[in-house]
There are 2 protein chains.
Amino acid sequence: MRQRIFAHELQPGGWIDEQALALEYGISRTPLREALKVLASEGLVVLKPRRGCYVTELSEQDIDEVFPVMALLEGRVAEEAARRITSADFARLEVIHADLEKHAAANNADRFFEVNQRFHNALQDIAGNRYLAQLIDDARQVIKLTRRDSLRLEGRLKQSLAEHRDILEALRQKDPAKARRSMHDHLISGRTALARLAGSN
Amino acid sequence: MRQRIFAHELQPGGWIDEQALALEYGISRTPLREALKVLASEGLVVLKPRRGCYVTELSEQDIDEVFPVMALLEGRVAEEAARRITSADFARLEVIHADLEKHAAANNADRFFEVNQRFHNALQDIAGNRYLAQLIDDARQVIKLTRRDSLRLEGRLKQSLAEHRDILEALRQKDPAKARRSMHDHLISGRTALARLAGSN
DNA sequence: TCCCATGATACTGCATCCATAATTATGAAT
DNA sequence: ATTCATAATTATGGATGCAGTATCATGGGA
């Protein structure tokens, strides 16, 4: 169901037909409703009492609330990672980054998106704070509710790559403050790209 | 159920008997299980497949992961609040703080705890970021899973008050950086108090 | 005496069914 | 023709019942 929500197969703001979905998945309404409760707590859907379940629709205000927090959290991850990173960790990151360069060169936004997520997850592992990582994962899910096509903006892939290089450089230097700033700016830059996209619609 | 979990009436690590609780609340297992799903997503309980539901038990490592994040988030709230605070807001905060002084003088840790929460919530309102506020509320719930008796430590109330005065001073001066630092240190100080408590057991 | 296997018990997870409330459709009155 | 009231339909929220599996106990074998 998460996939279908992210793919906008279930459209934002749209009503979720419990019986139809239950029938489709070949299960009864009971487990489906429990799943909806979980999705609701993750912020992917909203449950209106006696009115049913609706896919969450993010307002511009919502996005402006989530992104700064995301930037703060990811910045913290980078900071902590810079303190703890080993050369083996760094090597792993470089492999992932090489993949990113490849997909950017091929202008493959979807693959870039996937590998980008792997990059950030790897950083979370290095930082070693599971709670922090979980908050970021949740926030990322919420952000994914919006169109992720910002990566398809002219030049955004290249820009994102450059920002990643900054982060990698800070990690190589084991400079926590710089890593935090680079990562923070990277996320804010992502928000800006999204805004440009919204503005052009 | 949250109350009972926080009050350790349902003990950390303990198994939750669905039927017993359902019977006690006079409802069937279905809505109770849905409630457990919500609590699980809030981190208050853990659901082990085919094994039932258990009250979350925080390890020292868990606490060391949550508190820094909490300090980061609350720091951000203070920072943002310092930017947006009005004189009317400040007056409200001072009323709450006066209450805190009163309860501290009376050495009433429970009341202090409550009003302290009101203070922090008021700050969240001023900061005006609902997403950020929600993350903090969740984190606070998780933290409440541990004993909150750290406030009963000799001198902790006075120390907490002093830290609040620092925060208020930063807000009065509308100094975001100072507000962030003060709040951050306040939270870290809370973690230290908890550690002292754990050490004395 | 200790360990493993097998059966009994009990709890979880799911399906089905029912009641209540909301929404929509239909009919009447202005 | 339009609006309001009432009835019918539909969906949500909860209760009940059942199948499958995990745990525990008991008994047999080493």
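To find a chain, count down the sequence lines: A is the first, B the second, and so on, and within it residues start at 1.
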In whole Å, what is the span from the [atom1] atom of [X] to the [atom2] atom of [N]?
{"X": "Lys48(B)", "N": "dT12(C)", "atom1": "NZ", "atom2": "P", "answer": "13 Å"}
{"X": "Lys37(B)", "N": "dG13(D)", "atom1": "NZ", "atom2": "P", "answer": "16 Å"}
{"X": "Leu36(B)", "N": "dT12(C)", "atom1": "CG", "atom2": "P", "answer": "9 Å"}
{"X": "Leu32(B)", "N": "dG13(D)", "atom1": "CG", "atom2": "C1'", "answer": "14 Å"}
{"X": "Gln19(B)", "N": "dC18(D)", "atom1": "CD", "atom2": "C1'", "answer": "13 Å"}
{"X": "Leu21(A)", "N": "dT12(D)", "atom1": "CG", "atom2": "C1'", "answer": "15 Å"}
{"X": "Tyr25(B)", "N": "dA15(D)", "atom1": "OH", "atom2": "P", "answer": "15 Å"}
{"X": "Glu18(A)", "N": "dC14(C)", "atom1": "CD", "atom2": "C1'", "answer": "15 Å"}

| Considering heavy-atom distances to DNA chain C, does Gly52(B) or Ile27(A) have its closest nucleotide positioned more toward the 5' end? |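 Mapping each residue to its closest nucleotide by heavy atoms, the 5'-most match is Gly52(B).
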| query | Of Pro49(B) and Pro31(B), whose nearest nucleotide on DNA chain D comes first from the 5' end? | reply |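 The residue closer to the strand's 5' end, by nearest nucleotide, is Pro31(B).
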With a 4.5 Å heavy-atom cut-off, do [X] and [Y] have their side chains touching?
{"X": "Arg165(A)", "Y": "Glu101(A)", "answer": "yes"}
{"X": "Glu80(B)", "Y": "Arg180(B)", "answer": "no"}
{"X": "Gln124(B)", "Y": "Ile136(B)", "answer": "yes"}

| After noting the C-alpha distance and the side-chain angles of Val38(A) and Met1(A), does the key distance pass the side-chain contact (heavy atoms from CB on, under 4.5 Å) rule? | CA-CA 11 Å; Val38(A) 173; Met1(A) 283 192 62; over 6 Å; no
[X] side chain near [N] phosphate (N/O to OP1/OP2, under 4.0 Å):
{"X": "Arg51(B)", "N": "dT23(D)", "value": "yes"}
{"X": "Arg33(B)", "N": "dG13(C)", "value": "yes"}
{"X": "Trp15(B)", "N": "dT12(C)", "value": "yes"}
{"X": "Ser28(B)", "N": "dA15(D)", "value": "yes"}

| query | Under 3.5 Å, is there an N or O donor on one side and an acceptor on the other linking the side chain of Arg29(B) and the base of dG13(C)? | reply |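 Indeed there is one.
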| request: Check if the side chain of Arg50(B) and the base of dT21(D) share a donor-acceptor pair of N or O atoms closer than 3.5 Å. | output: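 There is none.
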| With under 30° as parallel and over 60° as perpendicular, where do the rings of Phe119(A) and His164(A) fit, or are they tilted in between? |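 Ring orientation, 0 to 90° scale: parallel.
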